[in-house]
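All remarks here apply to the structure that follows.
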There are 2 protein chains.
Amino acid sequence: MLLYNGTVSIDVQTIESALGLLGQQGSYRILRALLEGPLRFGELQERTGLLPRTQSLRLKEMMAAGWVTRHQFAEVPPRVEYRLTDKARALEPVLVEVERWAERYA
Amino acid sequence: MLLYNGTVSIDVQTIESALGLLGQQGSYRILRALLEGPLRFGELQERTGLLPRTQSLRLKEMMAAGWVTRHQFAEVPPRVEYRLTDKARALEPVLVEVERWAERYA
DNA sequence: CCGTATCCCACGAGATACTG
DNA sequence: CAGTATCTCGTGGGATACGG
């Protein structure tokens, strides 16, 4: 399905899947937290307040969508870091606009 | 839960519920369609391609969220129009940013 | 430390049929 | 025309427990 925006035709599927993922519980929190920099699973959890299971699911979806990458370090104790891709960082303006909207219409 | 944005503290609940609704299937299509102007249920359906049931549910949620109003006319045949509130129209910049993102990262 | 497994429940979507 | 009713199925969340 294609919509016409005024200047370009836009792919509704792409937008819906992005909005769908963003609308999942916790996605916004994860995104906001990781915009500050890479975090470990536990550190992330402190900031998001998500259950391990939920955060794990969300991270997997975000990895599948190419928003997050996982970096595992061969250390003891084991260390894992999650960081955003450029694609995900490029969503920041979207968040800014939502936040601006929320400020006004909360 | 509150996050600090740099300049203002933002209410995560509000943002998540907005993103949650936006992420529901069809919400984006409904919003985009109604930004052009008020539409009847059937006209809207032609543009969104949603099942009656789904569109009906979505419209109810959007009404509950104060995004859409319903106007019923005492005519024969019956006529109903849906239109966006200012609150919903104010979401357009969000859509614009998502669309800009989708153009680049599709 | 970083998750996965399991159980249970609730909601959401698709399809089809039907009504004020 | 503008929806609702019903059924069926799959997915997602909460909680708790456990494994590499």
Side-chain angles (χ1 to χ4, degrees), chain A residues 1 12-13 15-31 33-34 36-65 67-84, chain B residues 1 12-13 15-31 33-34 36-65 67-84:
Chain A
M1 189 180 198
V12 175
Q13 315 286 1
I15 293 168
E16 285 196 338
S17 84
L19 288 175
L21 183 42
L22 257 157
Q24 289 289 63
Q25 96 152 31
S27 289
Y28 170 74
R29 298 178 192 201
I30 292 175
L31 218 42
L34 291 182
E36 306 297 317
L39 289 173
R40 311 174 63 167
F41 190 90
E43 295 170 331
L44 186 55
Q45 208 185 340
E46 288 170 19
R47 286 163 176 79
T48 61
L50 299 173
L51 290 170
R53 172 187 149 87
T54 307
Q55 179 165 294
S56 175
L57 287 172
R58 210 67 344 117
L59 285 170
K60 273 185 186 157
E61 293 167 5
M62 295 173 90
M63 286 190 275
W67 292 12
V68 168
T69 52
R70 191 188 125 110
H71 303 268
Q72 186 158 2
F73 299 91
E75 300 176 0
V76 182
R79 191 158 67 95
V80 177
E81 261 186 18
Y82 292 94
R83 57 180 72 207
L84 297 181
Chain B
M1 190 181 196
V12 174
Q13 315 286 2
I15 293 169
E16 284 195 338
S17 83
L19 287 174
L21 182 42
L22 259 167
Q24 289 290 63
Q25 99 151 28
S27 291
Y28 171 73
R29 298 178 191 201
I30 292 176
L31 217 43
L34 292 183
E36 307 296 317
L39 289 173
R40 310 172 63 167
F41 190 90
E43 295 170 331
L44 187 55
Q45 209 185 342
E46 287 170 19
R47 286 162 176 78
T48 61
L50 299 173
L51 290 170
R53 171 187 150 86
T54 307
Q55 180 166 293
S56 174
L57 288 172
R58 209 68 344 116
L59 285 170
K60 274 184 185 156
E61 293 167 5
M62 294 172 90
M63 287 190 273
W67 293 12
V68 169
T69 53
R70 191 189 125 109
H71 302 269
Q72 187 159 0
F73 299 92
E75 299 177 1
V76 182
R79 192 158 66 95
V80 176
E81 262 187 17
Y82 292 93
R83 57 180 70 210
L84 297 181

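Just so we're on the same page: letters track the sequence lines, and every chain starts at 1. Computed from a predicted model, the values in this text were never measured in an experiment.
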- Query: Can you tell me if the side-chain N/O atoms of R70(B) get under 4.0 Å from OP1 or OP2 in dG3(D)?
  - Reply: yes
- Message: Less than 3.5 Å apart, any donor N or O on the side chain of Q55(B) or T48(B) sitting next to an acceptor on the other?
- Response: yes
- Item | Phosphate contact (dG3(D) OP1 or OP2) by K60(B) side-chain N/O below 4.0 Å | no
- Message: Which nucleotide wins on minimum distance to the side chain of T54(A), given the candidates dG3(C), dG14(C), dG13(D)?
- Response: dG13(D)
- Query: What is the distance, rounded to the nearest whole Å, between atom CG of L44(A) and atom P of dG3(C)?
  - Reply: 10 Å
- Nearest-angstrom distance from the residue atom CG of L51(A) to C1' of dG3(C): 13 Å
- Between P52(A) and E61(B), whichever has its closest DNA chain C nucleotide further toward 5' is P52(A)
- Message: Taking atom types as they are modelled, would you say the side chain of R53(B) forms a donor-acceptor pair with the base of dG3(D) within the 3.5 Å cutoff?
- Response: no
- Task: Give F73(A) one of three labels, base, sugar-phosphate or nothing, depending on what nucleic acid heavy atoms sit under 4.0 Å from its own.
- Result: nothing
- Could you check whether Q25(B) gets within reach of a base, just the sugar-phosphate, or nothing at all, counting any heavy atom under 4.0 Å? sugar-phosphate
- Of the candidates dG3(D), dC2(C), dC1(D), the side chain of V80(A) sits closest to dC2(C)
- Separation of dA5(C) C1' from L57(A) CG (nearest whole Å): 12 Å
- Correct closest heavy-atom pair for V80(B) and Q72(B) would be CG2-CG, 4.2 Å
- Query: Is there a side-chain contact between Q25(B) and E16(A) (heavy atoms, below 4.5 Å)?
  - Reply: no
- Task: Please state how far atom CD in E81(B) lies from atom P in dA2(D), giving the value in whole angstrom units.
- Result: 10 Å
- Which nucleotide sits closest to the side chain of Y82(A): dG3(C), dC1(D), dA13(C)? dG3(C)
- For the side chain of R40(B), starting at C-beta, report the closest nucleotide among dG20(D), dG12(C), dC1(D). dC1(D)
- Query: Between S27(B) and L21(B), is there a donor-acceptor pair closer than 3.5 Å when you use the side chain of the first and the backbone of the second?
  - Reply: yes
